[in-house]
Asks: 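Pasting a structure here, questions to come.
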Number of protein chains: 2
Amino acid sequence: MPRRAAPEPKPPEPSTKEQLLTAAEELFCKVGYEGVSAGDVARLAGVRKSLVFYYFGNMAGLFEAVLERYYAAHTQALTGVLSADDDVRTRMHGLVDAYLDFMASHARYASLVQAQLANPNLHPMVEKNFGLLYHLVEGALLEVAPRTGRAASRQLFVTVSGAVINWCTYAPLLSRLMGDDLLTGPLLEERRAHIHWLVGLVLDALEREEETAAKARPGAKLNAKPGAKLNAKPNAKPPAKPRQRAAARR
Amino acid sequence: MPRRAAPEPKPPEPSTKEQLLTAAEELFCKVGYEGVSAGDVARLAGVRKSLVFYYFGNMAGLFEAVLERYYAAHTQALTGVLSADDDVRTRMHGLVDAYLDFMASHARYASLVQAQLANPNLHPMVEKNFGLLYHLVEGALLEVAPRTGRAASRQLFVTVSGAVINWCTYAPLLSRLMGDDLLTGPLLEERRAHIHWLVGLVLDALEREEETAAKARPGAKLNAKPGAKLNAKPNAKPPAKPRQRAAARR
DNA sequence: GAACAACTTGACCGATCGGTTCATTTATTC
DNA sequence: GAATAAATGAACCGATCGGTCAAGTTGTTC
């Protein structure tokens with residue numbers, strides 16, 4: 001049986017380690033960290049249980065390796081959009097597209113991560129990556145949203161990220177209620193349109209509130225962030241640019 | 001040691017069964033269904049492990065009993081608001097208040113339920129209760145929202161329910177990032193105001209779309225739901241009535 | 001082909017798991 | 001206070017858990 005492919009460049013067969021990672025990924029996503037045994041993982045990978053400990057030391061090491069693999073893809077999927085120098089509106093719509101595409105294609109992870117986020121003593125790697133995402137997005141939102149109040153940037157973060165991730169975590173259940181798959185085809189596109197619509201409504205309202213606040217304030221007051229302007233038309237469709245990746249998928 | 005209070009009306013001390021239920025509730029919420037052993041539950045309740053099986057048969061029975069207890073409170077918390085004959089706007093704002101109050105005070109459950117919802121082979125009791133909530137809320141939303149499209153009632157359901165529940169499931173992590181508790185005090189009230197604001201934005205937009213659609217359609221077209229009107233002023237603050245419970249808390 | 005490292009196997013360990021069994025205690029009823 | 005049923009404690013079971021270990025196989029390098 002072929003089971004090795006260390007430095008040979010020709011046959012890129014998955015190594016035993018990768019097979020274990022893939023099997024662990026599937027099981028962790030299906031039943032959570034607890035509830036998965038080393039024997040389960042090894043059986044699904046078609047190897048012996050002891051190899052789990054040979055490659056990863058213990059179950060926690062295996063879990064970390066799976067998380068590491070996931071967050072590498074996760075970070076790579078979002079960094080481009082978040083670091084672009086477009087205006088906030090474009091960046092937000094781009095983030096929605098990138099985040100939704102990534103979560104829809106890694107839907108099983110969504111449940112795993114959300115279960116971890118709810119865990120009171122969660123893994124430091126999860127906390128680190130979530131905090132990174134939080135500060136990036138909330139920081140971008142601060143350009144157009146106040147720090148506190150009903151439209152606070154932290155509130156928008158939870159709402160928008162939840163709008164993306166909950167669609168994916170509820171997918172197995174909702175697909176049964178709606179009679180079609182939520183993560184591909186028209187229902188995913190409907191979700192995409194919904195979140196873009198919602199983000200547009202919110203940004204429009206923020207722009208209106210900023211305008212009335214500017215009208216009420218005579219001179220140059222020092223409280224609000226200066227020059228924070230949305231440079232796209234109110235509730236216009238998201239610019240065509242970030243849609244290209246979305247159109248490629250599906 | 002006092003450990004029984006079957007038909008005696010005088011001392012309402014918690015029975016052993018109730019002590020086990022409470023202990024199980026706490027542990028299930030903390031580490032999920034998997035990851036909790038019968039010995040753990042019994043130890044926390046201060047009784048022997050065999051009593052778990054004496055009262056509940058097996059671990060699955062214990063889990064069902066905990067879920068049953070939870071969904072009874074959950075249903076009772078929402079039925080009043082959902083069955084009221086107020087207009088849709090009032091019902092939606094009332095639902096937000098009731099749901100947010102319930103989830104904030106049962107925050108540990110939020111994680112448990114969300115982890116269950118993400119489970120591909122979830123418990124029938126969870127599916128039943130979620131489906132019930134879905135059909136109730138989505139049905140109410142159908143009075144003002146279309147069945148499909150970017151503003152579909154099903155889309156609004158996921159967005160709004162996620163806006164409530166994610167605040168509670170992310171609470172342990174976000175509280176660390178924000179430096180204050182998310183589930184009590186000003187941050188909870190900020191969340192409440194945010195969701196009400198968001199719901200107002202959405203209902204206003206739906207009203208506007210309905211108006212322009214009615215203008216574009218000359219006679220009495222047969223496609224849309226007739227007489228579906230929001231009978232409150234656009235983006236007015238939610239009526240004072242449903243706030244009383246919210247004001248009573250904290 | 002000897003030496004070596006990387007990889008793999010299968011047997012094994014103590015601990016804990018869900019669950020059972022049974023004797024004992026407790027409260028209730030007559 | 002005897003009888004009875006509910007409630008409880010303690011020991012126990014087979015299975016499985018995470019993890020270890022020594023021996024074996026395989027490919028690489030001289």
Side-chain angles (χ1 to χ4, degrees), chain A residues 1-28 30-67 112 119 121 123, chain B residues 1-28 30-67 112 119 121 123:
Chain A
M1 308 106 191
R3 55 168 69 97
R4 287 199 63 263
E8 298 91 346
K10 300 298 177 60
E13 312 182 24
S15 66
T16 298
K17 189 173 182 176
E18 279 169 353
Q19 282 177 258
L20 281 171
L21 269 178
T22 304
E25 177 183 304
E26 178 172 336
L27 290 176
F28 282 147
K30 195 176 291 177
V31 288
Y33 178 55
E34 320 279 345
V36 173
S37 74
D40 294 337
V41 176
R43 200 174 309 117
L44 185 60
V47 298
R48 304 297 132 184
K49 186 182 71 165
S50 41
L51 291 187
V52 171
F53 304 96
Y54 174 76
Y55 282 110
F56 303 101
N58 50 31
M59 284 299 286
L62 175 61
F63 186 57
E64 278 186 30
V66 169
L67 280 181
L112 177 63
N119 199 330
N121 47 358
H123 196 285
Chain B
M1 311 101 190
R3 54 168 68 97
R4 284 199 65 262
E8 299 92 343
K10 300 299 176 59
E13 312 181 22
S15 66
T16 299
K17 190 171 181 176
E18 279 169 354
Q19 280 177 260
L20 280 171
L21 270 178
T22 303
E25 176 183 304
E26 179 172 335
L27 289 177
F28 281 146
K30 196 176 289 178
V31 287
Y33 178 55
E34 321 278 344
V36 172
S37 74
D40 294 336
V41 176
R43 200 174 308 116
L44 185 60
V47 298
R48 302 297 130 181
K49 187 182 70 165
S50 47
L51 292 188
V52 170
F53 304 97
Y54 175 74
Y55 283 110
F56 303 101
N58 51 31
M59 284 299 287
L62 175 61
F63 187 57
E64 279 187 28
V66 170
L67 281 182
L112 177 62
N119 199 331
N121 47 357
H123 196 286

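Chain identifiers are assigned alphabetically (A, B, ...) following the order of the sequence lines, protein sequences preceding nucleic acid strands; residue numbering begins at 1 within each chain. Just so it is clear, the model here is predicted, and its values are computed rather than measured.
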Asks: Quick check: do L21(B) and Y55(B) have side-chain heavy atoms less than 4.5 Å from each other?
Replies: no
Asks: Establish, with yes or no, whether the OP1 or OP2 oxygen of dT8(C) is under 4.0 angstrom from a side-chain nitrogen or oxygen of R48(A).
Replies: no
Asks: For a quick check of understanding: with a heavy-atom distance under 4.0 Å over all strands, which category does V41(A) fall into, base, sugar-phosphate or nothing?
Replies: nothing
Asks: Side chains of H123(A) and L67(A): closer than 4.5 Å at any heavy-atom pair?
Replies: yes
Asks: Using a 4.0 Å cut-off on heavy atoms, which residues in residues 50-57 of chain B reach DNA chain D? List them by number, or say none.
Replies: S50(B), L51(B), Y54(B), Y55(B)
Asks: Starting from P on dT16(C), measure out to CE on M59(B) and report it in whole angstrom.
Replies: 16 Å
Asks: Expressed in angstrom and rounded to an integer, what is the separation of L62(B) atom CG from dC17(C) atom P?
Replies: 14 Å
Asks: Might you point out which heavy atoms bring L51(A) and L20(A) nearest each other, and give the distance in Å?
Replies: O-CD1, 3.9 Å
Asks: Over how many whole Å does the gap from L27(B) atom CG to dG18(C) atom C1' extend?
Replies: 16 Å
Asks: Rounded off to whole Å, could you give me the CG-to-C1' distance for the L20(B) and dG9(D) pair?
Replies: 14 Å
Asks: Choose from dG18(C), dG19(D), dC17(C) the nucleotide whose nearest atom is closest to any side-chain atom of D40(B).
Replies: dC17(C)
Asks: Can you find an N or O donor on one side and an acceptor on the other, under 3.5 Å apart, linking the side chain of K49(A) with the base of dG10(C)?
Replies: no
Asks: Respond yes when some side-chain nitrogen or oxygen of T16(A) is under 4.0 Å from OP1 or OP2 of dT8(C), and no when none is.
Replies: yes
Asks: What is the distance, to the nearest angstrom, from the CD atom on E18(A) to the C1' atom on dC7(C)?
Replies: 15 Å
Asks: Measuring only between side-chain heavy atoms, which start at C-beta, is V66(B) closer than 4.5 Å to F56(B)?
Replies: no
Asks: In whole angstrom, give the distance that lies between atom CZ of R43(A) and atom C1' of dT8(C).
Replies: 18 Å
Asks: Taking the six-membered ring for Trp, are Y33(B) and F28(B) parallel (under 30°), tilted (30 to 60°) or perpendicular (over 60°)?
Replies: tilted
Asks: Who are the side-chain contact (heavy atoms from CB on, under 4.5 Å) partners of A38(A), not counting sequence neighbours?
Replies: K49(A), V52(A), F53(A), M59(A)
Asks: Tell me, do Q19(A) and T22(A) make a side-chain contact under 4.5 Å, heavy atoms counted?
Replies: no
